[in-house]
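A short worksheet on the structure shown next.
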Amino acid sequence: MGADQNIDWQIAVASTLDWWREAGVDTLADELPRDWTAAPAPVVRETKRRVVAEAAVPVVQALPATIDAFAAWRTGPDAPEATWAGSPIATSGNPQSAIMVITDVPDREDAESGTLLSGAAGRLFDRMLAAIGRDRNSVYVVPMCTIRPVAGRIAPEIETRLGELIRHHVAIVAPKRLFVLGNASSRALTGADVTRSRGSLQLVNVEVGQSGASVAVETVASYHPRLLLERPAEKARAWKDLQMLIAGLDA
């Protein structure tokens, strides 16, 4: 009987130990009382904070606010066309004139002579001015693009920026009338090609300085002289545009 009782006792102890082991008890003693049936504490993992450097905010420099300073900037190293092949062509005429003429790009002859509207297109332009009692010295001629592009026209990816610059130029000159030649120049000022924008005197709003104030400038869009050389039939419409340009305008 004694031997059987000893075996039963050992079996009972082993069974108890198995139960505690399944319950999570892995040691016979502890320094402090423990609740072996409690849920385990959540494991807190230290997360490394990723410090992302803020993107550097580009410094936008204000454009020159005077006519002479801006005209010089447009032919300087900071102009959008500064890295292009060729020499920039400056403005010509009188910036104090009531009429500001805006052309799109220099012609091939212009790049060679260094003067806007030279060659055959320039000679036709001179006759157009003479027909309304004007000459080169009585208007202010400004290129939208100072260096002739390789393709001979303004690429779409730079047209918006050049449009912003020409509007700034108009704002600081503040002429009484604008005479806009060519589609790119017309889009920059009127928002539409010449075929849609010509035929009426339009008011174009341009912002003046950093104040955000705007001034309305009367604008006439017309065909570029180079197109009139290719399509002489359009000269009648161009003549009407010239008459509109000087109507009610003091000399």
Side-chain angles (χ1 to χ4, degrees), residues 63-64 67-95 97 99-131 134-170 172-173 175 178-190 193-194 198 219-232 234-235 238 241-242:
L63 294 171
I67 298 173
D68 291 341
F70 184 73
W73 182 88
R74 284 296 285 117
T75 57
D78 295 325
E81 313 95 320
T83 59
W84 297 7
S87 300
I89 300 179
T91 60
S92 62
N94 180 13
S97 170
I99 298 176
M100 182 176 180
V101 180
I102 299 175
T103 183
D104 49 8
V105 301
D107 289 322
R108 186 171 288 102
E109 297 87 351
D110 301 348
E112 296 171 356
S113 66
T115 303
L116 288 171
L117 293 167
S118 57
R123 289 189 291 272
L124 177 56
F125 177 67
D126 289 334
R127 293 198 297 271
M128 293 167 64
L129 291 179
R134 296 275 177 166
D135 58 23
R136 297 276 186 133
N137 295 324
S138 63
V139 296
Y140 184 46
V141 184
V142 176
M144 183 173 169
C145 188
T146 61
I147 298 178
R148 178 177 173 81
V150 175
R153 59 181 176 82
I154 298 175
E157 57 267 22
I158 197 174
E159 185 172 307
T160 299
R161 177 55 175 162
L162 294 180
E164 294 170 352
L165 296 179
I166 199 64
R167 292 177 73 90
H168 178 77
H169 205 156
V170 171
I172 58 180
V173 172
L178 283 177
F179 192 41
V180 180
L181 303 175
N183 283 330
S185 303
S186 180
R187 286 193 295 268
L189 275 305
T190 70
D193 289 344
V194 170
R198 65 157 301 277
T219 302
V220 175
S222 190
Y223 302 109
H224 197 283
R226 79 171 74 93
L227 185 138
L228 296 178
L229 291 175
E230 298 173 358
R231 303 179 189 176
E234 302 293 352
K235 289 182 179 180
D241 296 335
L242 286 168

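Below, each value reflects all heavy atoms present in this structure, side chains not excepted, and no hydrogens, waters or symmetry copies.
In this structure, the separation between CD on E109 and OG1 on T115 is 12.0 Å, given to the nearest 0.5 Å. Considering CE of M128 and CZ of F179, their distance stands at 4.5 Å, rounded to 0.5 Å. The distance from the CZ atom of R226 to the CG atom of L124 is 12.0 Å, given to the nearest 0.5 Å. Atom CD1 of I166 is separated from atom CD1 of I102 by 4.5 Å, given to the nearest 0.5 angstrom. A distance of 11.0 Å separates CD1 of I89 from OG1 of T75, quoted to the nearest 0.5 Å. Atom CD of E234 and atom CG of L228 lie 7.5 Å apart (nearest 0.5 Å).
Sorted by first and then second residue, the pairs that involve residues 78-88 and meet salt bridge (Lys or Arg N to Asp or Glu O under 4.0 Å), not counting sequence neighbours, are R74-E81. Listed by first then second residue, pairs satisfying salt bridge (Lys or Arg N to Asp or Glu O under 4.0 Å) with a partner in residues 151-166 read E159-R187, R161-E164, not counting sequence neighbours. Among residues at least two apart or in separate chains, side chain to side chain donor-acceptor pair (under 3.5 Å) pairs with a member in residues 117-130 are D110-S118, S113-S118, D126-R136.
Taking all atoms of both residues into account, the shortest heavy-atom contact from P106 to T146 is CG-O, 3.7 Å. The two atoms that bring R134 and S97 nearest to each other are NH1-OG, 4.1 Å, heavy atoms only. Closest non-hydrogen pair, A188 versus G163, comes out as CB-CA, 3.8 Å.
P80 is listed as a side-chain neighbour of L165, based on a closest heavy-atom distance under 4.5 Å. The shortest side-chain heavy-atom distance between L181 and P225 falls under the 4.5 Å cut-off. Side chains of V170 and P175 form a contact here, defined as non-hydrogen atoms less than 4.5 Å apart. You'll find the side chain of T91 reaches within 4.5 Å of the side chain of P143, heavy atoms only.
Evaluation of the ring-ring contact (aromatic ring centres under 6.0 Å, His included) rule for Y140 yields H169 as partners, not counting sequence neighbours. Residues forming a side chain to side chain contact (heavy atoms under 4.5 Å, CB included) with T190 (at least two apart in sequence, or on another chain): S186, A192, S197, Q202, V204, T219. Listed by chain and number, the residues in a side chain to side chain contact (heavy atoms under 4.5 Å, CB included) with D135 are N137, S138 (sequence neighbours excluded). Annotation: ring-ring contact (aromatic ring centres under 6.0 Å, His included) contacts of H224 (sequence neighbours excluded): none. P64 meets the side chain to side chain contact (heavy atoms under 4.5 Å, CB included) test with A69, F70, W73; sequence neighbours excluded. Taking W84 as the reference, nothing meets the ring-ring contact (aromatic ring centres under 6.0 Å, His included) condition, with sequence neighbours excluded. Residues passing the salt bridge (Lys or Arg N to Asp or Glu O under 4.0 Å) test with R198 are D241, sequence neighbours excluded.
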Item to check | side-chain contact (heavy atoms from CB on, under 4.5 Å) between V105 and I154, worked out | outcome: CA-CA 7 Å; V105 301; I154 298 175; 3.4 Å; yes

Item to check | R167 vs L189, side-chain contact (heavy atoms from CB on, under 4.5 Å): CA-CA, chis, key distance, verdict | outcome: CA-CA 7 Å; R167 292 177 73 90; L189 275 305; 4.1 Å; yes

Checklist entry - What do the steps show when you test F125 against V101 for side-chain contact (heavy atoms from CB on, under 4.5 Å), and what is the final call? => result CA-CA 11 Å; F125 177 67; V101 180; 4.1 Å; yes

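Judged by distance alone, with hydrogens and angles left aside, the side-chain atoms of D104 form no donor-acceptor pair with the main-chain N or O of S185 at under 3.5 Å.
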